[in-house]
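Below is one structure, written out as C-alpha cells; the observations come after it.
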Amino acid sequence: MNVVRKMLFTGLVMAVMTGTAFASGQQGSQDTGKGLIGVVMPTRSEERWIKDGNAVKEGLEKLGYKVNLQFSDDDIPTQTRQIDDMITGGVKALVIASIDGSALSNQLANAAAAKIPIIAYDRLLMQSPNVDYYVSFDNYKVGGQMGDILIRGLKLDQATTAKPVIIELFAGSPDDNNSVGFYQGAMDKLQPYFTKGVLRVPSGQIERTVIGTLRWDASEAQKRMENLLSAYYSGNVVLDGILSPYDPISLSTLEACKAVGYGTTPGKPLPIVGGQDCVIASCKSILAGEQYATVLKDTRSLGAATVTLVDTLMQGRTPNGLDTQSYNNGAKIVPSLLLDSVIVTKDNLISAVVDTGYHTAAELGL
Ligand code: BGC
C-alpha cells in the first residue's frame with residue numbers, strides 16, 4: 001500500500017472507530033432530518049453481497065435512517081428499475097453496487113437532477129459524471145495479494161528455468177471495473193517471474209479480455225478450466241497453480257482439476273489456488289488443505305465506512321481525507337475511500353476469520 005493509501009486507511013479506521021469520519025469541512029445548511037436511503041446490491045446469490053447489504057442497512061437504521069435495500073438478481077433491467085423506483089420514492093441518497101458499471105448512466109443522471117448524492121459501493125460506476133463518491137477496498141492491492149498468494153504457495157522465488165512453474169489465469173467479469181485492478185495488481189506481481197522464464201501459461205491465454213469470466217460465473221470458469229485441461233494438459237504437463245479472482249471460481253476450477261485426477265494421482269497434486277471474499281465453502285476448503293488461500297475483504301468495515309459517509313452527507317458536511325487520484329471512471333475522478341484487505345491461509349484463518357467473528361466456528365463446521 002502506498003503512503004497516501006496507508007494514511008487514508010489509517011484515518012478511516014480511526015474515524016470509523018470513533019464515529020467522527022469526515023467530520024470537518026462543513027458546508028451549507030444543516031439538514032439533520034433522517035430520511036430514506038436507497039441501497040442496491042447486485043445479487044443475493046453470493047454470500048458477500050448479503051453481508052454487505054445487511055451491514056449497510058443495519059448501520060443506517062441504527063442512526064435513525066429508513067433503508068430501502070434491494071438485490072438485483074444480477075439482472076441489469078431489474079437494477080435500473082429498482083433505482084428508478086428509489087428515485088421516485090424520494091430517497092435522500094443512493095448506495096449502489098452495480099452489475100455492469102456502465103449501464104446506469106440514465107438513472108445516475110436522474111438522481112443527480114433530483115440532487116440525490118450517489119455513492120458507488122465496492123464497484124465503481126463508470127462513464128458518468130454523476131457519481132459523488134466511491135467506497136471500496138484497494139482493488140489493485142487486492143490483486144497484488146492474489147499474486148502474492150501464488151508467489152508464496154508456488155515458491156516462485158525458488159523456481160528455475162529448467163523446470164518452470166505452470167499456471168493458468170482467470171479474471172473477473174469484464175463489465176466490473178474491479179476486475180481491472182485485481183488483474184493488474186496480480187500481473188504486476190507475477191510479471192518478473194514470467195520475464196525470468198520461471199513461470200509459464202501453456203494456453204498462452206493471458207490478456208484480461210481473454211481470461212475474463214462474465215458475471216463472475218463459477219460454472220463458466222469451470223468449463224473454461226475443463227477445456228484448458230483437455231487442450232493443453234493431455235501429455236505429462238502438470239498444472240501447478242491457478243490465478244483466481246473469486247472463491248467460487250477457485251472451487252469450480254479445482255473441481256475441474258479433480259475430475260481429471262488432480263489430488264488423487266501420484267505426481268498430480270491439487271494446484272495452488274487463491275481467491276477472494278473468504279466465502280464459507282472456501283474457508284472449509286482451505287482448512288481441508290485444498291484451496292490454498294483467499295483474500296478477506298471485511299464487509300463489516302466497508303458497511304461501516306459507507307454508513308459514516310452517508311451520515312456525513314446527510315448532515316450537509318463534506319467528507320475529507322479521500323483519495324482524489326486513483327479512480328477515474330472515464331468521466332471524472334471519483335473521490336474514493338479505499339480499505340485494506342488481508343490474505344487468509346490455513347495458518348491465520350482462525351485468527352483472521354473466526355476470532356474476529358467474520359464467520360462463526362459453527363458456520364465453518366468446527
Ligand atoms: C467484488 C468481489 C466479488 C466479485 C463477485 C467484485 O466486484 O469486489 O469482492 O468477489 O465482485 O461478486
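It should be emphasised that the depicted structure is a prediction, and the values quoted were computed from it without experimental measurement. Numbers for residues simply follow the sequence, beginning at 1. Atoms within a ligand are numbered from 1 in the order they appear, just like the ligands themselves.
- Applying the under-4.5 Å side-chain rule to Ile, Leu, Val, Met, Phe, Trp and Tyr, the cluster around Ile76 extends to Ile99.
- Under a 4.5 Å side-chain heavy-atom cut-off, the cluster of Ile, Leu, Val, Met, Phe, Trp and Tyr residues that includes Leu214 has no other member.
- The side-chain contact (heavy atoms from CB on, under 4.5 Å) search around Pro164 returns Arg200, not counting sequence neighbours.
- Shown here is Lys66, whose NZ atom has no more than 12 heavy atoms of other residues, nucleotides or ligands within 6.0 Å.
- Partner of Ile37 under the side-chain contact (heavy atoms from CB on, under 4.5 Å) criterion, out of Leu60, Leu313, Val56: Leu60 alone.
- Contacts of ligand 1 (protein heavy-atom distance under 4.0 Å) are Glu46, Arg48, Trp49, Asp122, Arg123, Asp176, Asn178, Phe182, Trp216, Tyr246, Gln276, Asp277, Lys297.
- Counting non-hydrogen atoms of other residues, nucleotides and ligands closer than 6.0 Å to CG of Asn236 gives a total of 12 or fewer.
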